[in-house]
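Values below: all heavy atoms of this structure, side chains included; hydrogens, waters and symmetry mates excluded. Note that the structure is predicted; figures quoted are calculated from it, not measured. We number each residue from 1, following the sequence as shown.
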Amino acid sequence: MSEPMFLQPVFKETIWGGNKLKSIYGYDIPSETTGEAWSVSAHPNGDCDIISGSFKGEKLSKVYAEHRELFGGYAKDVFPLLIKIIDAKSDLSIQVHPDDEYAGKNENGSLGKMECWYILDCEKDTKIIVGHNASSKEELRKMIEEKRWGDLIREIPIKPGDFFQIVPGTVHAIKGGTLILETQQNSDITYRLYDYDRLQNGKPRELHIEKSIDVVNCPHEDHLAENAIEKEEGASKVTRLISCKYYEVRKLDVDGSLTTGNLKPFSIYSILKGEGTVNGTPVKLGDHFILTSDIEKAEFKGNMMIITSRPV
């Protein structure tokens with residue numbers, strides 16, 4: 001196919017969600033507590049419908065399975081990435097993700113979960129949790145048992161435009177008042193370490209203390225954004241945010257026009273500000289699409305901020 005493959009997000013209601021997915025992006029969300037839009041996903045827990053072109057009405061997972069040539073013949077059996085917009089009206093639980101090896105052994109062969117966050121918006125003086133202050137597993141366990149969460153957890157002030165790479169084993173949490181674009185491995189495995197003693201349907205949500213301790217990296221190590229400018233074209237530019245063994249993520253600032261190669265095996269795009277065109281096709285705020293491997297370049301016109309990713 002020579003045109004962008006547009007996708008319909010799958011929405012997730014959560015106890016911490018809000019309504020910004022509607023008020024900002026215009027999505028038809030199911031309730032005022034909608035926390036996530038799985039914008040590009042072929043996961044069994046949220047498989048996006050294709051809403052344009054010759055595969056309109058089909059699931060992304062089906063097209064990936066049956067037309068691998070459109071995805072550069074990518075070797076993995078499952079679609080490799082999952083893109084979300086997260087609207088945290090209140091705090092998410094403090095959690096940690098396993099790597100491929102641990103998830104494969106303990107979660108029915110699932111992939112692990114490397115992810116990264118681009119801060120789209122946040123309230124004034126908002127912080128985010130990335131990392132912890134325990135020097136060893138023994139100290140980690142002791143601090144958890146003694147419920148010394150204030151001493152254990154590492155909070156960082158944030159502002160729109162900040163970027164965080166969350167490798168497996170990183171203690172992390174998004175706090176209330178934050179809107180994020182998340183790029184991650186195609187996995188839905190999360191270990192909940194602490195949930196502020198909240199109740200859901202009258203009961204505390206399940207915690208995964210032992211699995212969390214198993215996988216937490218001790219001591220914590222930051223993995224910083226690259227923020228490397230790769231191309232400037234007039235007032236437009238391409239900035240590489242991160243490159244790791246699962247994905248590369250870039251920010252495209254389009255001010256007039258910008259032409260880039262469509263990075264192989266295929267590229268995913270999310271329009272997060274503004275509107276314009278890609279290869280002549282109109283695109284607007286809240287659109288998510290894939291440029292398949294048969295498309296050699298992306299010609300953007302308009303005024304937009306775009307996050308793009310590709311599997312490695």
Side-chain angles (χ1 to χ4, degrees), residues 12 14-17 35-36 38 43 45 81-82 84 86 88 90-119 127-156 158 162-176 178 180-198 200 204-225 242 244-247 249:
K12 301 285 185 175
T14 63
I15 65 171
W16 43 262
E36 297 182 347
W38 290 24
H43 194 279
N45 293 346
L81 300 181
L82 200 166
K84 298 176 182 175
I86 299 175
S90 58
D91 295 351
L92 275 69
S93 61
I94 297 171
Q95 52 195 239
V96 63
H97 302 311
D99 62 13
D100 285 346
E101 181 181 5
Y102 191 92
K105 288 179 180 176
N106 295 279
E107 304 296 342
N108 299 315
S110 171
L111 294 176
K113 195 171 176 188
M114 176 94 78
E115 67 185 28
C116 59
W117 298 336
Y118 182 88
I119 309 299
K127 295 182 178 181
I128 210 157
I129 293 172
V130 179
H132 64 85
N133 296 313
S135 59
S136 66
K137 294 274 189 175
E138 292 75 20
E139 185 178 17
L140 174 71
R141 183 179 290 277
K142 191 169 189 293
M143 294 173 87
I144 291 169
E145 289 174 350
E146 295 174 357
K147 301 187 183 300
R148 291 164 52 201
W149 300 110
D151 295 333
L152 176 63
I153 299 306
R154 184 166 166 261
E155 293 189 344
I156 301 168
I158 57 170
D162 285 347
F163 181 86
F164 298 91
Q165 171 80 330
I166 309 295
V167 306
T170 300
V171 174
H172 63 276
I174 302 165
K175 297 179 76 68
T178 311
I180 279 176
L181 183 89
E182 178 174 289
T183 303
Q184 59 161 92
Q185 285 181 269
N186 185 0
S187 172
D188 199 22
I189 303 297
T190 291
Y191 298 149
R192 201 176 286 132
L193 183 60
Y194 181 58
D195 196 36
Y196 307 98
D197 301 317
R198 287 183 290 200
Q200 186 173 32
R205 294 199 295 172
E206 181 185 6
L207 299 179
H208 313 94
I209 300 296
E210 290 305 319
K211 286 181 175 179
S212 294
I213 292 172
D214 276 352
V215 304
V216 168
N217 297 325
C218 285
H220 169 73
E221 180 182 347
D222 281 323
H223 295 264
L224 301 177
I242 201 75
C244 67
K245 67 180 182 177
Y246 298 108
Y247 49 70
V249 180

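Closest of all the heavy-atom pairs between His172 and Val96 is CE1-CA, 3.9 Å. The two residues His43 and Leu82 make their nearest non-hydrogen contact at CB-CD1, 4.1 Å. Across Asp91 and Trp16, no two heavy atoms sit closer than the pair O-CB, 3.7 Å. Taking all atoms of both residues into account, the shortest heavy-atom contact from His220 to Val130 is NE2-O, 4.1 Å. The two residues Ile15 and Ser90 have their closest heavy-atom pair at O-OG, 4.0 Å. Across all their heavy atoms, Ile189 and His97 have their closest contact at O-ND1, 3.1 Å.
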Item checked: Met143 vs Asp151, side chain to side chain contact (heavy atoms under 4.5 Å, CB included): CA-CA, chis, key distance, verdict -> CA-CA 8 Å; Met143 294 173 87; Asp151 295 333; 3.6 Å; yes

Check: Please walk me through it: do Met114 and Asp99 pass side chain to side chain contact (heavy atoms under 4.5 Å, CB included)?
Finding: CA-CA 7 Å; Met114 176 94 78; Asp99 62 13; over 6 Å; no

Checklist line | Intermediate values then yes/no, side chain to side chain contact (heavy atoms under 4.5 Å, CB included), Cys218 and His132 | finding: CA-CA 9 Å; Cys218 285; His132 64 85; 3.7 Å; yes

Next item on the list: Give the intermediate values and the outcome of side chain to side chain contact (heavy atoms under 4.5 Å, CB included) for residues Arg154 and Ile156.
Entry: CA-CA 7 Å; Arg154 184 166 166 261; Ile156 301 168; 3.9 Å; yes

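The aromatic rings of Phe163 and Tyr118 sit tilted relative to each other, their planes meeting at an angle between 30° and 60°. By the 30° and 60° cut-offs, the orientation of the rings of Tyr191 relative to Tyr102 is perpendicular. Ring planes of Tyr194 and Trp149: parallel class, angle under 30° (limits at 30 and 60°).
Put simply, the side chain of Phe164 reaches to within 4.5 Å of the side chain of Ile119, judged on heavy atoms. Within the 4.5 Å cutoff, side-chain heavy atoms of Tyr247 are placed close to those of Ile242. Between Asp197 and Pro204 the shortest side-chain heavy-atom distance does not fall below 4.5 Å. Side-chain contact between Lys12 and Trp38 is present, with heavy atoms from C-beta onward closer than 4.5 Å.
Taking a cutoff of 4.0 Å between a charged side-chain nitrogen and a carboxylate oxygen, Lys84 and Glu182 qualify as a salt bridge.
Residue-environment remark: NZ (Lys211) exceeds the threshold of 12 foreign heavy atoms within 6.0 Å.
Checked by atom type and distance alone, the side chain of Thr178 never pairs as donor or acceptor with a backbone atom of Ile174 at under 3.5 Å. Between the Gln184 side chain and the Ser187 main chain, a donor and an acceptor come within less than 3.5 Å of each other. Remark: the backbone N or O of Glu107 is not paired with any side-chain donor or acceptor of Ser110 at under 3.5 angstrom.
Taking Ser93 as the reference, Gln95, Arg192, Asp195, Arg198, Arg205 meet the side-chain contact (heavy atoms from CB on, under 4.5 Å) condition, with sequence neighbours excluded. Looking at residues two or more places apart in sequence or on another chain, you find a side-chain contact (heavy atoms from CB on, under 4.5 Å) between Lys105 and Glu101. Take Asp100 and apply the side-chain contact (heavy atoms from CB on, under 4.5 Å) test, not counting sequence neighbours, and it matches Leu111, Gln185, Tyr246. Shown here are the salt bridge (charged side-chain N to carboxylate O under 4.0 Å, His left out) partners of Lys113, two or more places apart in sequence or in another chain: Glu115. Looking at residues two or more places apart in sequence or on another chain, you find a side-chain contact (heavy atoms from CB on, under 4.5 Å) between Glu146 and Lys142, Arg148. Considering only residues two or more places apart in sequence or on other chains, Glu155 meets the side chain to side chain donor-acceptor pair (under 3.5 Å) condition with Lys175.
Taken from CD1 in Ile94 to CG in Leu193, the straight-line distance is 6.5 Å, to the nearest 0.5 Å. One distance of note links CD1 of Ile166 with CH2 of Trp117; it measures 4.0 Å at 0.5 Å rounding. Taken to the nearest 0.5 Å, the CG atom of Leu92 stands 9.5 Å off from the CD1 atom of Ile129. Atoms CD1 and CD1, on Ile158 and Ile128 in that order, are 4.5 Å from each other to the nearest 0.5 Å. To the nearest 0.5 Å, the span separating CD1 on Ile144 from CD1 on Ile213 amounts to 4.0 Å.
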